[in-house]
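Worksheet: one structure, shown below.
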Protein chains: 2
Amino acid sequence: MQALYKNSIISLFLLMISGCSNPQAPAPLPSWHETSSKQEIIEFVKDVTTENNPRFVPQAERVAVFDNDGTLWSEQPMYFQLAFALDRVKALAADHPEWKDRQPFKAVLEGRSESIIADGEHALIELVMATHAGNTTEEFSAIVKDWLAMAKHPKSNRPYTEMVYQPMLELLAYLRANGFKTYIVSGGGIEFMRPWSEQVYGIPPEQVIGSSIKTKFELRDGTPILVRLPELNFLNDKGGKPVAINQFIGRRPIAAFGNSDGDLQMLQWTCSAQGIAQDAVEDKSFCLYVHHTDEEREWAYDRNSHIGRLDKGLDEAASKGWTIVDMKNDWKQIYTGKATNIAQLSFLYRHW
Amino acid sequence: MQALYKNSIISLFLLMISGCSNPQAPAPLPSWHETSSKQEIIEFVKDVTTENNPRFVPQAERVAVFDNDGTLWSEQPMYFQLAFALDRVKALAADHPEWKDRQPFKAVLEGRSESIIADGEHALIELVMATHAGNTTEEFSAIVKDWLAMAKHPKSNRPYTEMVYQPMLELLAYLRANGFKTYIVSGGGIEFMRPWSEQVYGIPPEQVIGSSIKTKFELRDGTPILVRLPELNFLNDKGGKPVAINQFIGRRPIAAFGNSDGDLQMLQWTCSAQGIAQDAVEDKSFCLYVHHTDEEREWAYDRNSHIGRLDKGLDEAASKGWTIVDMKNDWKQIYTGKATNIAQLSFLYRHW
């Protein structure tokens, strides 16, 4: 908001100097092809931000929620947080000789991670709990940052944070420039995402919602700390997503973005008839599925994938007229380049 | 933030017209006497918002957390939410003949509410669960609003929302005008506070943290709803407050305001040596206890009170040099008048 505020001040000066809006304001969503997906996004944003439009929504109610894995960054050949957890198992194995004979650690240490991947998000959460309990919230944040600075994706050999989708970064910036508050609502760990979400996505920690383990307040030698416990607190998936949105935000979003059946309930909650204005005739909500269709530049998978399965959601999106992004044909570019970052994107949209 | 943004634009115009800052900008905290409490607040705010000051804190990290009961509004002779729960028991009694013989309902229906009050916050939470499960989140929000519109405090005969403290409203507005994000972190129910927190305190629902019962996502005749279940999700008191702050905000606050021992851990977490900048020599944090010392205009209670007991906290505040507000001598006015509301306060601070 600080950036928006500063940018608005700059825009105001420009307006006063030029006497009209800046003719060089860039077109939104430059990495999106001119297909229906882009048109539907822009039409929605224009409608809800135009005061005399029947679909107008006041700024405070412009809440947009985004899944993370497979929606904002890749999730193949395994959830990136699982790669982190496997690296932690290896790093901590010397202190845990019992892991050699205990699953799922045994499989990890023997290099057979596929068996864990097949178990999906639950196995990931369990592994995170087992490998990360006992440290403090601040220690864990430092571990995540250190890992991200070193780790490389097994296929692309790029840092994981460079495998975020450029078109989605533009979408986040475009929505924020139009008064939206953007939230992550992910099955991934809340404290795994927060250390880097602001730098990478421009989403501050207080707008990151995810799965969590329990923490406990303690005074250690008189210093208050929060210790991470090996106990699941909340699994933020499927029906858990609307529950968490209500718990954290206390408002129903007007826009939701996902890529799997795990996001379906979040999209249903956002795009149901009983939106913010129950008496409204106009539908003021927007739902979008990212469909992974690009096996050359990314991956192609949907109904039969262990990771990010999109089956029921694909049918419901079609029947309800939600926007379905065809990554191969809708996106000019998949990943953000090294040079692109969220600060530059904010610059790009300063005139919006 | 929208208000801040608009106000900033107005200020900018005024600046451009006058060529200097508005000489008629009001002094902050007008309902506070010129005592040390007021001086300490203003000194802190000036320090953390002045860029070349060693205590400077970037705007994104200016998080301030406020307890609600006894800190922002009164809590005597019983927590206001308990008054709500008792009224609900009476309203629903006809549908629950079994309550006549079952505690705590029996005591309520027989007019012996004191026995429940003595049990404190736990009893309140239990009563809320028992009387409010089964409805949807939207239905419950409407019930709370309807009650607040009708209910009167037994002693003052005023609506409960007029028993908020004028000096604290000014403090909230003053902090926000200086780039702080203000949060409620209360033992009270999160969905009891959210329907009115924005109108009364200028705090939007996404910045309200409280105790909660579990909710469940359901499709009812194809329409997604969240049903409130008779099961405690989280009790936001004592050590739970730092846990919830970490869960919801993901940042350590730099300012914390409370009135009871239930707030002590939140104040310890905020004002411990390991603040946001662990290597910082300067203490960039601020902790304040509201001490109820005014038996004429409000109530006087501390170490021996069933409600809002302030015992350990009072000792720790003294030993650590936290600010202790003496309501009787620090505040010119206790309650907000009918005519004062948060919109007017924002107007008051538009030049800050």
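The analysis underlying the following values was restricted to heavy atoms, covering all of them including side chains, and did not include hydrogens, waters or symmetry mates. Order of the sequence lines fixes the chain letters, A, B, ..., with proteins taken first and strands second; residue numbering starts at 1 for each chain.
For the set Val63(A), Val243(A), Val208(A), Thr215(A), the entry with the most heavy-atom pairs within less than 4.5 Å of chain B is Val243(A). Put simply, of Ile190(B), Asn233(B), Leu226(B), the one with the most heavy-atom pairs under 4.5 Å next to chain A is Leu226(B). When Pro204(A), Gly250(A), Pro205(A), Gly240(A) are compared by the number of non-hydrogen pairs under 4.5 Å with chain B, Pro205(A) comes out ahead.
We find the CD-NZ distance between Glu206(B) and Lys181(A) to be 3.5 Å, quoted to the nearest 0.5 Å. Summarising the geometry, atom CD belonging to Glu138(B) is positioned 4.5 Å from atom CZ belonging to Arg252(A); distances are rounded to the nearest 0.5 Å. Between atom CD of residue Gln265(A) and atom CD of residue Glu218(B) there is a gap of 12.5 Å, rounded to the nearest 0.5 Å.
For Leu219(A), the part sitting under 4.5 Å from any heavy atom of chain B is the side chain, from C-beta outward, and nothing else. With a 4.5 Å cut-off on non-hydrogen atoms, Lys238(B) does not touch chain A at all.
A donor atom on one side chain and an acceptor atom on the other are found under 3.5 Å apart for Ser212(B) and Gln247(A).
Counting heavy atoms from C-beta on, the side chains of Phe217(A) and Lys241(B) never come closer than 4.5 Å.
Applying the 6.0 Å contact sphere to NZ of Lys312(B) captures no more than 12 heavy atoms from other residues, nucleotides or ligands.
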